[in-house]
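Quick notes on the structure that follows.
Note that the coordinates shown come from a computational prediction; the quantities given were computed from them, not determined experimentally. For this chain, numbers begin at 1 and follow the sequence in order.
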Amino acid sequence: MTNNIDDYFSGRKLYGDDFDDIQLRVWYDGEKEGYAGEVLANQGEYRYHYHELNRFHLYGRVEVPEGAHAIGLGSAYGHEFLPIADRLSKITIIDPSDEFAAHGALGITPLEYRKPALDGKLDFPDNHFHVATSMGALHHIANVSAVLGEFHRCLVPGGCMLVREPIVTQGDWRQLRRGLTKNERGIPYRLMQQIAVNAGFRIEHATLFDFAPFTRLMANIGTPAFTNAAATRVDWLLSSLFSFNTKYHRPKLLDRFGPASLALVLRKPAV
């Protein structure tokens with residue numbers, strides 16, 4: 001691991017991706033109940049705000065086979081699977097929190113929870129799952145390359161992985177940041193795609209979204225952008241217009257006039 005923070009803030013390297021076992025343990029312990037803590041702190045008002053986003057950028061671009069077995073990384077209560085749950089025979093969720101594991105089904109679709117391993121290994125055979133998701137989970141993980149490689153291994157040939165992640169630092173992760181867990185940091189735009197390719201995936205579709213000035217405006221007026229189909233499309237249009245700005249670290253106000261997240265449809269090539 002380099003000690004030069006500029007290597008990370010520039011987007012040339014991903015902080016945490018080359019951690020040793022001791023560093024991984026410190027990171028894991030700091031993130032274990034991070035998102036669950038945020039959910040519990042706001043339990044009375046918790047809502048899943050990303051269904052329109054997921055439909056427009058991800059689920060609308062793939063065919064999910066009937067009876068598919070799906071796996072989700074950090075999927076909490078499993079709400080991200082609701083648009084396709086009626087086609088799934090089972091959902092396996094990899095999540096460190098004990099809070100979410102108390103939920104055994106999503107409607108009539110059974111949920112199984114497994115704890116993640118420090119090294120990213122998944123305790124499943126090769127070619128086991130038909131669909132995989134990571135909806136804003138990889139940026140909570142240190143060793144992203146190792147984890148994505150394992151998801152590729154466990155997918156059947158021709159299977160798909162749906163990913164959406166922030167591509168900005170979300171501030172200086174060395175300091176306490178309001179509303180964020182201890183270690184989370186976004187994954188640089190080009191590095192996210194390169195890591196996926198290095199893991200063996202083919203990028204079937206990539207799109208930028210999350211134009212911060214617009215999504216903050218929508219939140220301030222009480223309508224989260226990605227709960228609304230029209231607002232999701234407006235955000236996509238604005239993100240496309242400002243797609244030249246994929247700067248990773250954005251400390252200045254003008255830096256933030258650009259898309260802050262990336263959605264990917266990844267495919268494991270058929271044999």
Side-chain angles (χ1 to χ4, degrees), residues 1-20 23-24 26-28 30-31 34 53 57-58 73-74 120 134-152 161-216 235-236 238-266:
M1 183 187 71
T2 179
N3 290 319
N4 186 356
I5 194 64
D6 289 338
D7 284 342
Y8 301 119
F9 280 176
S10 69
R12 291 190 296 270
K13 295 183 178 180
L14 178 61
Y15 181 73
D17 206 34
D18 58 353
F19 273 8
D20 60 29
Q23 292 168 313
L24 288 174
V26 172
W27 180 296
Y28 181 95
E31 290 292 308
L53 174 70
H57 290 303
L58 297 169
L73 180 64
S134 174
M135 309 290 199
L138 282 170
H139 72 283
H140 289 277
I141 291 170
N143 49 343
V144 172
S145 293
V147 170
L148 212 56
E150 276 293 279
F151 271 77
H152 177 274
M161 185 167 187
L162 308 178
V163 175
R164 57 170 175 78
E165 295 292 336
I167 57 169
V168 297
T169 59
Q170 304 180 102
D172 188 339
W173 57 76
R174 297 170 298 176
Q175 302 173 10
L176 184 65
R177 297 162 295 167
R178 183 180 178 184
L180 300 177
T181 60
K182 182 177 180 181
N183 298 308
E184 64 178 296
R185 48 54 180 128
I187 304 170
Y189 174 62
R190 289 179 179 81
L191 271 184
M192 180 68 250
Q193 295 177 85
Q194 189 60 55
I195 289 170
V197 170
N198 289 347
F201 285 107
R202 183 179 77 246
I203 299 175
E204 200 163 87
H205 180 76
T207 187
L208 293 161
F209 69 96
D210 191 12
F211 185 71
F214 176 70
T215 56
R216 286 177 184 165
D235 171 76
W236 169 67
L238 290 169
S239 296
S240 299
L241 290 173
F242 285 84
S243 62
F244 58 86
N245 178 19
T246 56
K247 187 176 181 180
Y248 185 49
H249 190 47
R250 304 181 181 184
K252 299 176 182 178
L253 180 61
L254 287 179
D255 292 339
R256 299 169 194 174
F257 279 76
S261 297
L262 172 69
L264 294 172
V265 176
L266 305 177

Does any part of the side chain of [Y], heavy atoms only, come nearer than 4.5 Å to the side chain of [X], both counted from C-beta?
| X | Y | answer |
| --- | --- | --- |
| Met135 | Leu53 | no |
| Leu162 | Val265 | yes |
| Leu14 | Ile195 | yes |
| Phe201 | Leu148 | yes |
| Lys247 | Lys252 | no |
| Thr207 | Leu262 | no |
| Phe211 | Trp236 | no |

Could you tell me whether a side-chain N or O of [X] sits under 3.5 Å from a main-chain N or O of [Y], the two making a donor and an acceptor?
| X | Y | result |
| --- | --- | --- |
| Asp235 | Thr215 | no |
| Gln193 | Arg190 | no |
| Arg256 | Pro213 | no |
| Arg177 | Gln170 | yes |
| Gln175 | Asp172 | no |
| His152 | Gly200 | yes |

Among Arg185, Glu31, Glu165, Lys182, exactly one meets side-chain hydrogen bond (donor to acceptor under 3.5 Å, both in side chains) together with His140. Which residue is that? Glu31
Interatomic spacing from [atom1] in [X] to [atom2] in [Y] - rounded to 0.5 Å:
| X | Y | atom1 | atom2 | result |
| --- | --- | --- | --- | --- |
| Leu208 | Ile167 | CG | CD1 | 5.0 Å |
| Tyr28 | Asn183 | OH | CG | 13.0 Å |
| Asp18 | Lys13 | CG | NZ | 7.5 Å |
| Ser239 | Phe209 | OG | CZ | 8.5 Å |
| His57 | Arg164 | NE2 | CZ | 10.0 Å |
| Trp27 | Asn143 | CH2 | CG | 9.0 Å |

Between Phe242 and Phe244, what is the ring plane arrangement, given parallel below 30°, perpendicular above 60°, and tilted in between?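 Rings of Phe242 and Phe244: tilted, 30 to 60°.
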Looking at Trp173 versus Phe9, is the centre-to-centre ring distance below 6.0 Å? yes
If you take all heavy atoms of [X] and [Y], which pair is closest and at what distance?
| X | Y | result |
| --- | --- | --- |
| Leu264 | Ala206 | CD2-CB, 3.5 Å |
| His139 | Ile187 | N-CD1, 4.1 Å |
| Pro259 | Asn245 | CD-O, 3.5 Å |

Among Leu73, Leu58, Leu138, find the one that has a side-chain contact (heavy atoms from CB on, under 4.5 Å) with Val163.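 Only one of Leu73, Leu58, Leu138 forms a side-chain contact (heavy atoms from CB on, under 4.5 Å) with Val163, namely Leu138.
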Salt bridge (charged side-chain N to carboxylate O under 4.0 Å, His left out) involving Arg202 - partner list, sequence neighbours excluded: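 Salt bridge (charged side-chain N to carboxylate O under 4.0 Å, His left out) list for Arg202, sorted by chain: Glu204.
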